[in-house]
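Structure first, commentary second.
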There are 2 protein chains.
Amino acid sequence: MSRSGADLALLLLGGFRVLADSATAELAERGYPDHRPVHDFAMRAIAAGADNASELGRRMSVTKQSAAKTIATLQERGYVAIGPDPEDARRKRLQVTDLGQQVLSTGEAIFDDLRAQWAQQIGETNLRALETHLQTLVGTEPMRFDTPGWVSRGTTPADG
Amino acid sequence: MSRSGADLALLLLGGFRVLADSATAELAERGYPDHRPVHDFAMRAIAAGADNASELGRRMSVTKQSAAKTIATLQERGYVAIGPDPEDARRKRLQVTDLGQQVLSTGEAIFDDLRAQWAQQIGETNLRALETHLQTLVGTEPMRFDTPGWVSRGTTPADG
DNA sequence: AAAATATAGACAGCTTGGTTGTCGATTGTC
DNA sequence: GACAATCGACAACCAAGCTGTCTATATTTT
């Protein structure tokens, strides 16, 4: 087996897509249609403290305008609520709604389920090793909630 | 360490992005600007026998219209040539040019280089194990040249 | 041979998720 | 009080997908 670097890249992407697609499909089946990974990660970031558009954009390595768009759709679906910020009149404070929390925990459960399936296939030990090594390779930080621009142009936006 | 399924997904995507971004950047530095992974995989597919738009679309799990767009940009850059098909007047036969071959082999070298760097970080044995396990999880097929839709809507297009 | 059907590629138009650039409103600092 | 920085909004654009429609050519069926 040749084991080229390109194969490795494809393998990683394939792995992600299998997980992401399965999760999206399952989420749709459980009553949350059109919920993409990006929505999930954005909500997680909001829940984790990125409670305004600019900050969310920063954490997701995306312009604030783009973040605002995501926020708008999340708001339309009732997953996040927008209110005024008592400390800064320019800001609009974001908050994950109860419905949003439901999606979040459902999504988490689904992902954990998928991971468990994988663990069953190759063994928990091997899966853990895979994760550990991948983490070493990707960087020390566990890539928290900042979704890395979603396979886009790679360069992080400057914005103003 | 919690090891949630979502973390795993992020890790996989992160890994892919690190490789893809590095490769894109390096390729740009060596004189092939704006060459994205999708171009590379499309060219590989063409070289591997997908010598018309419809077939390319099929292999990349993308509509033929979308494939046609990619082909158009590759042609503009002089990476593929379009000629008539002697056996079927509807078809336009695709061919990777010499310049295209250069990009291809350069890209391959870069990817292999990146893989070597990773091997140095966690050891060849571990990297091999990672690849093997990932392959088991993603599916038996090594995901050949069909780029899996590039983190899009997951559903494969029907088209006509 | 003719008719029905399938396929190749082109064109128009839409959607998603990004990007700049600009702007008014607000805040904080000198 | 003046001035720079920041927040969020708007407009315009782009890339890479999608669908739907169309013509020309092949292929298959009658």
### Query
Counting any heavy atom closer than 4.0 Å, what does A/Lys92 reach on the DNA or RNA strands: base, sugar-phosphate only, or nothing?
sugar-phosphate
### Message
Counting the atoms with a prime plus P, OP1 and OP2 as sugar-phosphate, which does A/Ser66 contact under 4.0 Å by heavy atoms, base, sugar-phosphate, or nothing?
### Response
base
Enumerate all atom pairs, one protein N or O and one N or O from nucleotides 28-30 of chain C, separated by less than 3.5 Å.
none

### Query
Considering only heavy atoms, which members of residues 25-33 of chain A lie under 4.0 Å from some atom of DNA chain D?
none
### Query
Shortest non-hydrogen contact from A/Val138 to B/Leu11?
CG2-O, 3.8 Å
#### Entry: Below 4.0 Å: OP1/OP2 of C/dA8 and any side-chain N or O of B/Arg58
yes
### Query
Would a 4.5 Å heavy-atom cut-off, applied to side chains only, mark B/Asp85 and B/Lys92 as touching?
no
### Message
Distance check needed: D/dA16 P versus B/Asp40 CG, whole Å only.
### Response
14 Å
### Task
Write down the distance between CG (A/Leu56) and P (D/dT6), rounded to a whole number of angstrom.
18 Å
### Message
I want to check something: taking the side chain as every heavy atom from C-beta on, are A/Ile110 and A/Arg30 in contact at a cut-off of under 4.5 Å?
### Response
yes
### Query
What's the closest nucleotide to the B/Lys64 side chain, out of C/dT19, C/dA8, C/dT26?
C/dA8
### Query
Looking only at side-chain N and O atoms, does B/Arg36 come under 4.0 Å of OP1 or OP2 in D/dG17?
no
### Euclidean distance, atom CG of residue B/Asn52 to atom C1' of C/dG9 [Å, nearest integer]
10 Å
### Message
Need to verify one output field. Residue with the more 5' nearest nucleotide on DNA chain C, B/Ser54 or A/His39?
### Response
B/Ser54
### Query
Can you check the A/Arg93 CZ to D/dC7 C1' distance for me, whole Å?
14 Å
### Message
From CD1 of B/Ile71 over to P of C/dC11, roughly how many Å is that when rounded to an integer?
### Response
14 Å
### Message
Please report the distance, rounded to the nearest Å, between CG in B/Leu13 and P in C/dG17.
### Response
15 Å
### Task
Measure from CG on B/Leu74 to P on D/dA15 and round the result to the nearest Å.
14 Å
### Query
Is the backbone N or O of A/His35 less than 3.5 Å from a side-chain atom of A/His39, with the two atoms forming a donor-acceptor pair by type?
no
### Message
Can you tell me if B/Thr63 touches the phosphate of D/dG17, counting only side-chain N or O atoms and a distance under 4.0 Å to OP1 or OP2?
### Response
no
### Query
Among C/dG9, C/dG18, D/dC10, which nucleotide sits nearest the side chain of A/Thr70?
C/dG18
### Message
Check whether B/Ser61 reaches the backbone of B/Gly57 with its side chain - one donor and one acceptor, N or O, closer than 3.5 Å.
### Response
no
#### Entry: Pairs involving residues 106-126 of chain B, ordered by first then second residue, that meet salt bridge (charged side-chain N to carboxylate O under 4.0 Å, His left out) (sequence neighbours left out)
B/Arg115-B/Glu124, B/Arg115-B/Glu131, B/Glu124-B/Arg128
### Task
Answer whether the closest heavy-atom distance between the side chains of A/Leu127 and B/Leu8 falls below 4.5 Å.
yes
### Task
Measure the CG-CD1 distance between A/Asn52 and A/Ile71 for me, rounded to the nearest 0.5 Å.
8.0 Å
## Note on the structure
Closest of D/dG8, C/dT27, C/dG17 to the A/Arg91 side chain is D/dG8
### pair A/Asp34-A/Arg36: side-chain heavy atoms closer than 4.5 Å
yes
### Query
So does A/Gln65 reach the base of C/dG21 with its side chain, donor to acceptor, closer than 3.5 Å?
yes
### Message
Tell me if a side-chain donor or acceptor on A/Ser66 pairs with a main-chain N or O of A/Val62 at a distance below 3.5 Å.
### Response
no
### Query
How long is the line joining NZ of A/Lys69 and P of C/dT15, in whole Å?
13 Å
